[in-house]
Amino acid sequence: MFLVRGPLRSSAGYANDFASPYVASRLWLQQQNAYDSTRFLSTWQAAGAPSGDVYANPSSYHCIYPPTTIAILAPLATLSWPVAWAGMQVLSCLLYGIAALRLAKLTQQGTGSRQVVGLIVFALIFAPVHSGLHVSNIVVLTAALLLWSSSELLLSPATTSLMPALGLGLALSLKPSLVPLVLLWLLATRRWRPLLVAAALPLAAFGVFLLRQSGQPWLHSLLTNQHFLFGYGSGSISATNLTRYDRIDLQLPIYILTQQRQLAVGLAYLAAAALVVLVLATWLRAQPLHRTLDNDLLLLSCLLAIGLIPYYQRYYSACILLLPAVWVVRNHTCIRARVLLACSPLFLLNTSIISRVISDAPTPHPYLLGRLSDTLLNAHVCWLILLIACTLTWQLRDSLRAARA
């Protein structure tokens, strides 16, 4: 299932998700404007992509990945398109497999136990990972680095090795939108050395990027690309974007309900900020009684789930929820773990496809029933992410209260 629904469904024959940062990095190596959308097609095809008419989503022409991603992907950008794409996919699969095995260690069960086997099977049939590999997005590579690094730090809290910290730094550089709250976890748990290294690596990558972009209007081009993507492209939450139901952040259902873009953005960020404040306040009040593997794992799980709420995230971003799955396996007798376990089947299939079919069905009252069904049913994964974040936060509060008692 993993192979057929993941890498074997992917293809280098069209401008997939990897094409955008790959071309931007290639332009950067040539000391051209990395975010120049007018040079995308010629640069991509000159690197060995199919010539002639090929399918390419217009959003792929407009790179919005940050400068850190461009610099980190430079080694792959030196290769031809088919080789670089295949290398990225193979590396993503290998690192994800290693991460899943290390996460299995966190269950602290025997190799052949039901918990370990169940977790590894779930990791292999986890639909967000299939989705990321299918469209060749670097999200799987990023999540694999994050999951592996986090598991190493959880297994050995006092480790002096720089490798986990470098892994977190690479993840933060590749896709900053996926893992920013990990820095809060490192700060709250006083892991100073990993925090400094993980924060320094993106800064260093940004500095390297600037060295080769001197005199180029890259910032203006980046902002123009962002305006296109979120205004008219695949990142838009308006009804004109047929792929908007693939989003899992809270902006989507709020916008569907209110039709107010700024209100949707504000309320989504407010909800995430409130949960972060609650989590950190609860954690800090419980010091120093909370330093157990379960609570440490629970804190990171809370922050990762909350990080999916406020801003643009697609279905494949949910692959980082494999870490909360470890807590569920470790605490499968807990009522809230069972609640999360009951939610897990919804991550065995990308149900946004069903949402698109439902959204096309006629409704008796398009202004009332249509909007409500759109908000509750078609954006159901967004609410599911919020439920997961709230459930984990509630459990963390009760666990830390028990530790204080």
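Quick note: residue numbers are just sequence positions, from 1. Here the structure is a predicted model, which is why all the values come from computation and not from measurement.
- The closest side-chain heavy-atom distance from Leu168 to Val182 is below 4.5 Å.
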Next item on the list: Let me see the working for Asp294 and Thr292 under side chain to side chain donor-acceptor pair (under 3.5 Å), right down to the final yes or no.
Entry: CA-CA 5 Å; Asp294 258 337; Thr292 66; 6.0 Å; no

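- Side-chain atoms of Ser156 do not come within 3.5 Å of backbone N or O of Leu153 as any donor-acceptor pair.
- Rounding to the nearest 0.5 angstrom, the gap separating the CZ atom in Phe230 from the OG atom in Ser236 is 10.0 Å.
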Check: Run the side-chain contact (heavy atoms from CB on, under 4.5 Å) check on Leu201 and Val197 step by step: do they pass?
Finding: CA-CA 6 Å; Leu201 191 56; Val197 174; 5.6 Å; no

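- A distance of 7.5 Å separates SG of Cys382 from CD1 of Ile256, quoted to the nearest 0.5 Å.
- The ring-ring contact (aromatic ring centres under 6.0 Å, His included) search around Trp218 returns Phe209, not counting sequence neighbours.
- A distance-only check finds a donor-acceptor pair linking the side chain of Gln45 to the backbone of Pro50 [under 3.5 Å].
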Next item on the list: May I have the step-by-step check of side chain to side chain donor-acceptor pair (under 3.5 Å) for Asp246 and Tyr315, ending in yes or no?
Entry: CA-CA 5 Å; Asp246 198 45; Tyr315 182 75; over 6 Å; no

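- The shortest side-chain heavy-atom distance between Tyr96 and Val129 falls under the 4.5 Å cut-off.
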Notebook entry, point to check: Is there a ring pair (Phe, Tyr, Trp, His ring centres under 6.0 Å) between Tyr232 and His227 once you walk through the steps?
Noted result: CA-CA 8 Å; Tyr232 314 99; His227 176 73; 5.7 Å; yes

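- Under the 3.5 Å distance criterion, the side-chain polar atoms of Asp296 are left unmatched by any main-chain donor or acceptor of Leu299.
- Side-chain contact check for Leu252 versus Arg244: some heavy-atom pair is nearer than 4.5 Å.
- To the nearest 0.5 angstrom, Ser37 atom OG is 13.0 Å from Ile64 atom CD1.
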Next item on the list: Could you walk me through whether Arg247 and Gln313 pass the side chain to side chain donor-acceptor pair (under 3.5 Å) test, one step at a time?
Entry: CA-CA 6 Å; Arg247 289 182 60 155; Gln313 300 280 11; over 6 Å; no

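- Closest approach of Ala165 and Pro194 over heavy atoms only: CB-CA, 3.6 Å.
- A salt bridge does not link Arg314 with Asp17: none of the charged nitrogens is closer than 4.0 Å to a carboxylate oxygen.
- A distance of 10.0 Å separates OG in Ser399 from CH2 in Trp283, rounded to the nearest 0.5 Å.
- No side-chain heavy atom of Trp192 sits under 4.5 Å from any side-chain heavy atom of Leu186.
- The backbone N or O of Pro128 lies less than 3.5 Å from no partner atom in the side chain of Ser131, so there is not a single donor-acceptor pair.
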Next item on the list: Verify side-chain contact (heavy atoms from CB on, under 4.5 Å) between Leu400 and Arg285, making sure each step is shown before the conclusion.
Entry: CA-CA 9 Å; Leu400 295 181; Arg285 279 201 305 267; over 6 Å; no

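- Side-chain N or O atoms of Ser151 include none that pairs as donor or acceptor with a backbone N or O of Arg102 at under 3.5 Å.
- Side-chain contact between Gln395 and Leu298 is present, with at least one heavy-atom pair separated by less than 4.5 Å.
- Once rounded to the nearest 0.5 Å, the distance linking CG of Asn241 with OG of Ser59 reads 7.5 Å.
- Judged purely by atom type and a 3.5 angstrom limit, Ser221 has no side-chain atom pairing as donor or acceptor with the backbone of Asp36.
- Between Phe40 and Leu27 there is no side-chain heavy-atom pair separated by less than 4.5 Å.
- Side-chain contact check for Asn137 and Tyr316: at least one donor-acceptor pair (N or O, by modelled atom type) lies under 3.5 Å.
- Looking at Ser149, its side chain does come within 3.5 Å of a backbone N or O of Leu145 through a donor-acceptor pair.
- Scanning all heavy atoms of the two residues, the minimum distance from Ser60 to Asn16 falls at OG-O, 4.2 Å.
- The two residues Leu387 and Cys343 make their nearest non-hydrogen contact at CD2-SG, 3.9 Å.
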Next item on the list: Show your working on side-chain contact (heavy atoms from CB on, under 4.5 Å) between Leu223 and Gln226 and close with a plain yes or no.
Entry: CA-CA 5 Å; Leu223 295 176; Gln226 289 179 339; 3.6 Å; yes

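- Between His62 and Phe228, the ring planes lie parallel to each other; the angle is under 30°, not in the 30° to 60° tilted range.
- Smallest separation of non-hydrogen atoms from Ala305 and Ile385: O-CG2, 3.9 Å.
- Between the side chain of Arg397 and the backbone N or O of Thr282, no donor-acceptor pair lies under 3.5 Å.
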Next item on the list: Show your reasoning for whether side-chain contact (heavy atoms from CB on, under 4.5 Å) applies to Leu384 and Phe347.
Entry: CA-CA 10 Å; Leu384 182 60; Phe347 289 106; 3.6 Å; yes

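- From Tyr65, atom OH reaches atom CG of Leu222 across 13.0 Å, with rounding to the nearest 0.5 Å.
- The closest donor-acceptor contact from the side chain of Gln115 to the backbone of Thr107 lies at 3.5 Å or more, if one exists at all.
- Residues Leu73 and Ser25 come closest through the heavy atom pair C-OG, 3.6 Å.
- Here the side chain of Ser10 pairs no donor or acceptor atom with the backbone of His134 at under 3.5 angstrom.
- With contacts defined as side-chain heavy-atom distances shorter than 4.5 Å, the pair Ser238/Tyr255 qualifies.
- Heavy atoms from other residues, nucleotides or ligands lying under 6.0 Å from CZ of Arg191 number more than 12.
- Using cut-offs of 30° and 60° for the angle between ring planes, the Trp81 and Trp44 rings count as perpendicular.
- For the pair Arg336/Asp398, a side-chain contact is recorded, criterion being any heavy-atom separation below 4.5 Å from C-beta on.
- Looking at every heavy atom in both residues, Tyr35 comes nearest to Pro66 through OH-C, 3.2 Å.
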